[in-house]
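Input: a single structure, listed below in structure tokens.
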Amino acid sequence: MSSKSSSSPSKLQSPSSDDSPPTNHPLKPIPCNYGLPFFGPIKDRLDYFYHQGKDTFFQTRIQEHQSTVFRTNMPPGPFISANSNVIALLDAISFPILFDTSKVQKLNVFVGTYMPSTALTGGYRVCAYLDPSEPKHALLKRLIFSILASLHDKFIPLFRNCLSELFVNLEDQFSDKGKVYFNTISDKMSFDFVFRLFCDQNPLNTRLGSKGSTMSDKWLFFQLAPLMTLGLPKLLNFFEDVLLHTFPLPAFLVKSDYNKLYNAFYGSMASILDEAEQSGIKRNEACHNLVFMAGFNTYGGLKTLLPALIKWVGLAGEKLHRELCDEIRTIVSAEGGVTFSALEKMTLTKSVVYEALRIEPPVAFQYGKAKEDLVVHSHDAAFEIKKGEMIFGYQPFATKDPKVFEDPEEFVGHRFVGEGEKLLKYVYWSNGREIDDPTVENKQCPAKDLVVLLSRVMLVELFLRYDTFTIEAGTLLLGSSATFTSLTKATSI
């Protein structure tokens, strides 16, 4: 794990000068195979979780086959997934085919080769699992766009208020302990923000009390457990594999927590549910979708993103911190506050957020099933994919493609400043390119711009209060952890 602050942006290394993949590459057979039925997926699952680990799993296959496109099996495999066979795309050129919903189907592939039980979402297939060809997809996504538009003026002031509470908590704990585990206080702040944003009240004033984030974490775990490893001693790997990766965890074990979340949202979103009903969506179906949007997409996204952002900025060091302080404090002073206009002028702050999204995307995987026979291009070859085959992309390899980014494993704060902005078309984190916009016809995250905005506000509030800080970084089930080990209050504002 490394980071640095560079005064010059990364330069595009790809020989292609536009967005179009090369068309003159030779057509090659896709290397590798899936192994024996049942045993091949099990072997790949054990390699992925225990024998090699995620990144090494992909890297060794790239080296073995001298190709960033190959066949493999993706967890969980038997018996949770009926078919774990995928064609992996692990470079920046081939990867974007997964965003093209005219060529790939996104039906029930939100988390991978399996779909969690609809018992975890009130019996409904929520919007994330719908393909854009399904009429209800447009209805639900249009509702989400409408909600976000109506809340536009609340984003900055509400998040700043929640961050103020977070930093008070951070300082109190720091004075007591000398170090602070950021993830726990970040999770609580994120859930409070999400609930206040969509429900217009503090969760403490509902039956959720202070347990909203804990309930959401349990619910998320039951959906994502087949993709996790707990990091237990090797002697316990077999038991973990059977428990997490072989059979779905029974949904009834988390039903009580989910019902409390659902009832809290349902009781606080009357006007939004009225709007949903007027557009032709049943109130309970709309509410289950909104709980998923708030609890999985928004809270789950912030739960992963904010610790990663703090981790990488902390590791980048004091030089980048001084530069961020100078930019943020100068522009906030000139603009008279933290406004949309002020945030838009902070070129370094924007670049740092994009770099965090590039180096550690909050969603690591993309899936889609070929709607027709396709030809997919990598940097140096072309491959034919047959109709019905599952296509998989591991986002961190696509966004750290060494043929596109200089020093791809390094955190370069200035990477997207000036001419570096041209590289934003290779930043994939929201089920689309950073330069693209979500629509009802695609599967790009409807809150994509909100995520970027909140990340910028986090940095602004951090460096208005502190000159620098240091971080101890670690890894979690699905993401990073960050522990503050020092914190220097601002000497000037």
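Contact annotation: the side chain of Pro362 approaches that of Leu357 to within less than 4.5 Å [non-hydrogen atoms, C-beta and beyond]. By the 4.5 Å heavy-atom criterion applied to side chains, Ile42 and Leu46 are counted as neighbours. Using a 4.5 Å cut-off on side-chain heavy atoms (C-beta onward), Asp274 and Arg283 make contact. The side-chain heavy atoms of Asp44 and Arg61, taken from C-beta on, include a pair separated by under 4.5 Å. Taking 4.5 Å as the limit, some side-chain heavy atom of Tyr129 sits within range of a side-chain heavy atom of Val111. A heavy-atom distance below 4.5 Å is not found between the side chains of His379 and Thr68. The closest side-chain heavy-atom distance from Arg456 to Met346 is not below 4.5 Å. Counting only heavy atoms from C-beta outward, the side chains of Asp401 and Tyr426 never approach each other to under 4.5 Å.
With Asn431 contributing its side chain and Lys443 its backbone, the two residues share a donor-acceptor pair below 3.5 Å. Counting only distance, with no hydrogens or angles, the side chain of Thr349 and the backbone of Val460 share no donor-acceptor pair below 3.5 Å. Looking only at distances, no side-chain donor or acceptor of Ser186 sits under 3.5 Å from a matching main-chain atom of Phe182. Judged by distance alone, with hydrogens and angles left aside, the side-chain atoms of Ser351 form no donor-acceptor pair with the main-chain N or O of Thr347 at under 3.5 Å. A donor-acceptor distance shorter than 3.5 angstrom exists from the side chain of Lys106 to the backbone of Leu98, with no hydrogens or angles considered. Between the side chain of Glu344 and the main chain of Ser341, no donor-acceptor pair closer than 3.5 Å is present. In this structure, Arg45 contributes its side chain and Pro78 its backbone to a donor-acceptor pair below 3.5 Å. For the pair Asn289 (side chain) and Val126 (backbone), a donor-acceptor distance under 3.5 Å is absent. Counting only distance, with no hydrogens or angles, the side chain of Lys448 and the backbone of Asp436 share a donor-acceptor pair below 3.5 Å. In this structure, Gln105 contributes its side chain and Asp131 its backbone to no donor-acceptor pair below 3.5 Å.
Separation of atoms SG (Cys32) and CD1 (Ile62) is listed at 12.0 Å; rounding is to 0.5 Å. The distance from atom CG of Asn73 to atom CG of Asn33, rounded to the nearest 0.5 Å, is 9.0 Å. Here His377 contributes atom NE2 and His25 contributes atom NE2; the two are 8.5 Å apart, rounded to the nearest 0.5 Å. Here the CG-OG1 distance, from Asp47 to Thr60, works out to 7.5 Å after rounding to the nearest 0.5 Å. Distance CZ/Arg71 to CD1/Ile87: 4.5 Å, rounded to 0.5 Å. Residue Ile97 holds its CD1 atom at 7.5 Å from CD1 of Ile385, rounded to the nearest 0.5 Å.
A side-chain donor from one of Glu434 and Trp429 sits under 3.5 Å from a side-chain acceptor of the other. Side-chain atoms of Glu240 and Tyr50 form a donor-acceptor pair, as typed in the model, at a separation below 3.5 Å. Side chain to side chain, Trp312 and Glu360 meet the donor-acceptor criterion of an N or O pair below 3.5 Å.
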Item to complete: Before giving the answer on side chain to side chain contact (heavy atoms under 4.5 Å, CB included), spell out for Met390 and Asn83 the whole-Å C-alpha distance, their side-chain angles and the decisive distance to 0.1 Å.
Response: CA-CA 9 Å; Met390 182 72 84; Asn83 185 356; over 6 Å; no
Item to complete: Could you give me the CA-CA distance, side-chain angles and deciding distance for Lys141 and Asn442, then say whether side-chain hydrogen bond (donor to acceptor under 3.5 Å, both in side chains) is met?
Response: CA-CA 10 Å; Lys141 198 164 184 181; Asn442 65 28; 3.1 Å; yes
Worksheet entry | Chi angles and distances behind the side chain to side chain contact (heavy atoms under 4.5 Å, CB included) call for Leu290, Ile147 | CA-CA 10 Å; Leu290 295 173; Ile147 294 169; 3.5 Å; yes
Item to complete: Step by step, work out the side chain to side chain contact (heavy atoms under 4.5 Å, CB included) result for Leu315 and Lys311.
Response: CA-CA 6 Å; Leu315 294 174; Lys311 178 190 83 171; 3.9 Å; yes
Practice prompt. Assess whether side-chain hydrogen bond (donor to acceptor under 3.5 Å, both in side chains) is satisfied between Tyr299 and Asp217, documenting all intermediate values.
Written response: CA-CA 9 Å; Tyr299 167 70; Asp217 289 346; 2.8 Å; yes
Fill in: Steps toward side chain to side chain contact (heavy atoms under 4.5 Å, CB included) verdict (Tyr428, Gln366)
CA-CA 10 Å; Tyr428 316 133; Gln366 291 292 341; over 6 Å; no
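Closest approach of Asp241 to His245, counting heavy atoms only: OD1-ND1, 2.8 Å. Across every non-hydrogen atom of Ala128 and Phe292, the tightest pair is CB-CE2, 3.6 Å. When all heavy atoms of Asn183 and Ser481 are compared, the pair lying nearest together is OD1-CA, 3.2 Å. When all heavy atoms are compared, the tightest approach of Asn237 to Leu232 is OD1-O, 3.8 Å. Among all heavy-atom pairs drawn from Ser455 and Leu305, the shortest one is OG-CD2, 3.2 Å. The minimum heavy-atom distance linking Gly314 with Ile471 is given by the pair CA-CG1, 3.9 Å.
Within 6.0 Å of the NZ atom in Lys136, the count of heavy atoms belonging to other residues, nucleotides or ligands does not exceed 12. The neighbour count for Phe340 CZ, taken as heavy atoms of other residues, nucleotides or ligands under 6.0 Å away, is above 12. Summarising the local packing, NZ of Lys371 is surrounded by more than 12 heavy atoms from other residues, nucleotides or ligands at distances under 6.0 Å.
Ring planes of His288 and Tyr262: parallel class, angle under 30° (limits at 30 and 60°). Ring-plane geometry between Phe392 and Phe58 is classed as parallel, the angle between the planes falling under 30 degrees on a 0 to 90 degree scale with a further cut at 60. Ring planes of Phe195 and Phe265: perpendicular class, angle over 60° (limits at 30 and 60°).
Ring to ring, Phe110 and Phe365 are not that close: their centroids are 6.0 angstrom or more apart. Note: Phe95 and Tyr394 fail the aromatic proximity criterion, with ring centroids not under 6.0 Å apart.
Applying the salt bridge (charged side-chain N to carboxylate O under 4.0 Å, His left out) test to Arg142 and every residue at least two apart in sequence or in another chain returns nothing.
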